[in-house]
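Read the structure below first, then the notes.
Just so you know, these numbers come straight off a predicted model, no measurement behind them. Every chain is numbered from 1, with letters handed out A, B, ... down the list of sequences.
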Amino acid sequence: SAVISQKPSRDICQRGTSLTIQCQVDSQVTMMFWYRQQPGQSLTLIATANQGSEATYESGFVIDKFPISRPNLTFSTLTVSNMSPEDSSIYLCSVEMGGETQYFGPGTRLLVL
Amino acid sequence: DQQVKQNSPSLSVQEGRISILNCDYTNSMFDYFLWYKKYPAEGPTFLISISSIKDKNEDGRFTVFLNKSAKHLSLHIVPSQPGDSAVYFCAASSGGGADGLTFGKGTHLIIQP
C-alpha cells in the first residue's frame with residue numbers, strides 16, 4: 001500500500017470562492033483518482049489524473065468546476081471552483097498501486113456556507 | 001441508476017458471531033470487486049478483493065464470496081470483534097485498473113458486546 005496525505009483536512013468556505021485540495025503520496029504512482037462523498041451518499045468518481053496527460057472527467061463533472069493538476073508521480077491537486085453549498089462533501093484522492101486495488105487518502109471535509 | 005447496491009443500511013451483530021454483508025451489482029462488465037472499511041473522519045481502508053475468475057477469497061477473519069450468475073457478492077467476518085464496527089463499502093471496477101471504482105452506499109456494521 002502507500003501513505004497518502006491530503007491538505008487541508010477540513011475547511012469552511014464561503015459560496016463563490018474556490019478551494020484547492022492537495023494529495024501527496026509517499027511513492028511514485030501512475031494512476032491517481034479523485035472522489036466525492038456527499039452527505040449520506042456513496043463515493044462518486046470525479047476524475048482520473050495520470051501524470052503527463054489531461055485528467056479524464058466522469059459524466060456530470062467538468063474541468064471548469066473541478067480543475068486538476070498532476071505535476072509529478074507523487075502529487076495532485078483538485079480545485080473546487082465557484083463553490084456553492086451543494087459542493088459540501090468529503091473529497092478523497094486515491095492511488096492505484098498495481099493490480100486493481102485503490103488506496104485512499106484521509107479525505108478533505110468541505111463545508112460551503 | 002445504482003450499479004452497485006448495498007440494500008442494508010445497517011447491520012447489528014453480537015461479538016463473536018458471524019457478520020455477513022451483502023452487495024449486488026448490475027453491470028456485467030465489472031470484473032474486480034473490493035470491500036472497504038471506513039471509520040468516521042477517515043478515508044476508506046482496503047479490506048479484501050476478488051477477481052471475477054474466482055468465487056472465494058479469504059484473508060484471516062475476512063472472506064469474500066462471489067456469485068457471478070446472481071451478480072452478488074458477500075463479505076463474511078468471523079468472529080466479529082468490536083473494532084469491526086464501521087461502515088463497509090462494496091466497490092467494483094472494469095477496465096483492468098485504468099478505471100475508477102463504482103461504490104455502493106455502504107452498510108453500517110455495529111458489533112454488540
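Remark: side-chain polar atoms of A/N50 are not paired, donor with acceptor, to backbone N or O of A/S53 under 3.5 angstrom.
Counting only N and O atoms by type, the side chains of B/S19 and B/S80 include a donor and acceptor under 3.5 Å apart. With hydrogens and angles left out, the side-chain atoms of A/T56 and A/T48 include no donor and acceptor closer than 3.5 Å. Between the side chains of A/Y35 and A/Q102, at least one donor N or O lies within less than 3.5 Å of an accepting N or O.
The line from NE2 of B/H72 to CG of B/N67 is 7.5 Å long, rounded to the nearest 0.5 Å. Put simply, OG on A/S88 and CZ on A/R36 are 10.0 Å apart, with the number rounded to the nearest 0.5 Å. Rounding to the nearest 0.5 angstrom, the gap separating the CG atom in B/L101 from the OG atom in B/S93 is 5.5 Å. Atom SG of A/C23 sits about 10.0 Å away from atom CD1 of A/I21, to the nearest 0.5 Å. To the nearest 0.5 angstrom, A/W34 atom CH2 is 13.0 Å from A/L43 atom CG.
Taking the six-membered ring for Trp and thresholds of 30 and 60 degrees, A/Y91 and A/F66 have ring planes inclined between 30 and 60 degrees apart.
Within residues 6-17 of chain B, no residue has any heavy atom closer than 4.5 Å to a heavy atom of chain A. Within residues 35-62 of chain B, the residues having any heavy atom under 4.5 Å from a heavy atom of chain A are, by residue number, B/Y36, B/K38, B/A41, B/E42, B/G43, B/P44, B/F46, B/S49.
For the set A/I90, A/T101, A/L45, the entry with the most heavy-atom pairs within less than 4.5 Å of chain B is A/T101. Considering only heavy-atom pairs separated by less than 4.5 Å from chain B, the leading option among A/G40, A/P106, A/S94 is A/P106.
With a 4.5 Å cut-off on non-hydrogen atoms, A/E58 does not touch chain B at all. In this structure, the portion of B/L34 lying under 4.5 Å from any heavy atom of chain A is its side chain and not its backbone.
Put simply, the side chain of A/C13 reaches to within 4.5 Å of the side chain of A/L110, judged on heavy atoms.
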